[in-house]
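A short write-up of the structure that comes next.
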Amino acid sequence: MKILMTAFDAFGGESVNPAAMALKKVIPIENVELKKLVLPTVFGDSLEILKKEIQDFCPEVVICLGQAGGRAGITPERIAINILDAPIADNKGQTPLDEAIAPEGPAAYFSSLPIKAMVKTLRNNGIPSSISNTAGTFVCNYLMYGLLQEISKTPQVRGGFVHLPYLPEQVLDKNLPSMSLEDIVKALELLIQSCLNYREDLVFPGGREN
Ligand code: PCA
């Protein structure tokens, strides 16, 4: 299976991004051809580069990763919304406010990754994880929306976004949660495994698990 995994570079005054740090160390499992790509944290450029890579590499699964500072666990995103509302400047100084990503596009797209199976797999392996119902209104939500719009033309391609916590070195002077690089790398390998194991997401008839 061909899997494209992307991360972002550091932004917002940080000197590292846990997504880029961890992606570098991921070891692809058997039966997976893994392509890694680090994108700039920039509206416009990030999506253009991603779309080009999708055309060139033709992945069956696209998992985009980013930092969500302050979250304690690995959070697969359920939904991307059609809004740009930058709380801080991107890495080119852009701060779009209250604009649609795609003026003619739908209000939102749902992830087509097996998000519940991912959460269950991570928890079974001792890694804190839960589904997130908002990817924010910054570059990560923008990229997720653009990705899902792009692959909506090709239903055999699955994709979505997963946010990651800070690394310990980023919170030394903050009272915020973090996760070790080793655990984040393990989590990324388990996310890939989940896509291999679950063509369809888990459903929990009659009861919630998340
Ligand atoms: N996180 C930001 C953008 C880049 C990243 O890693 C976000 O959540 O939008």
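Read the numbers this way: they start at 1 and go in the same order the structure lists the ligands and their atoms.
- In this structure, CZ on Phe161 lies 3.0 Å from SG on Cys140, to the nearest 0.5 angstrom.
- Here CD of Glu104 is found 10.0 Å from CG of Asn82. Values are rounded to the nearest 0.5 Å.
- Protein residues lining ligand 1, listed by chain and number: Phe8, Phe11, Asn17, Thr41, Gly66, Gln67, Phe138, Val139, Cys140, His163 [non-hydrogen atoms, distance under 4.0 Å].
- Applying the salt bridge (charged side-chain N to carboxylate O under 4.0 Å, His left out) test to every pair with at least one member in residues 37-65, sequence neighbours left out, gives these pairs: Lys35-Glu53, Asp45-Lys92, Lys52-Asp56.
- Every residue two or more places apart in sequence or in another chain that forms a side chain to side chain donor-acceptor pair (under 3.5 Å) with Thr41 is listed here: Asp9.
- Looking at residues two or more places apart in sequence or on another chain, you find no side chain to side chain donor-acceptor pair (under 3.5 Å) involving Lys36.
- Looking at heavy atoms from C-beta onward, Pro40 lies in side-chain contact with Ile49 at the 4.5 angstrom threshold.
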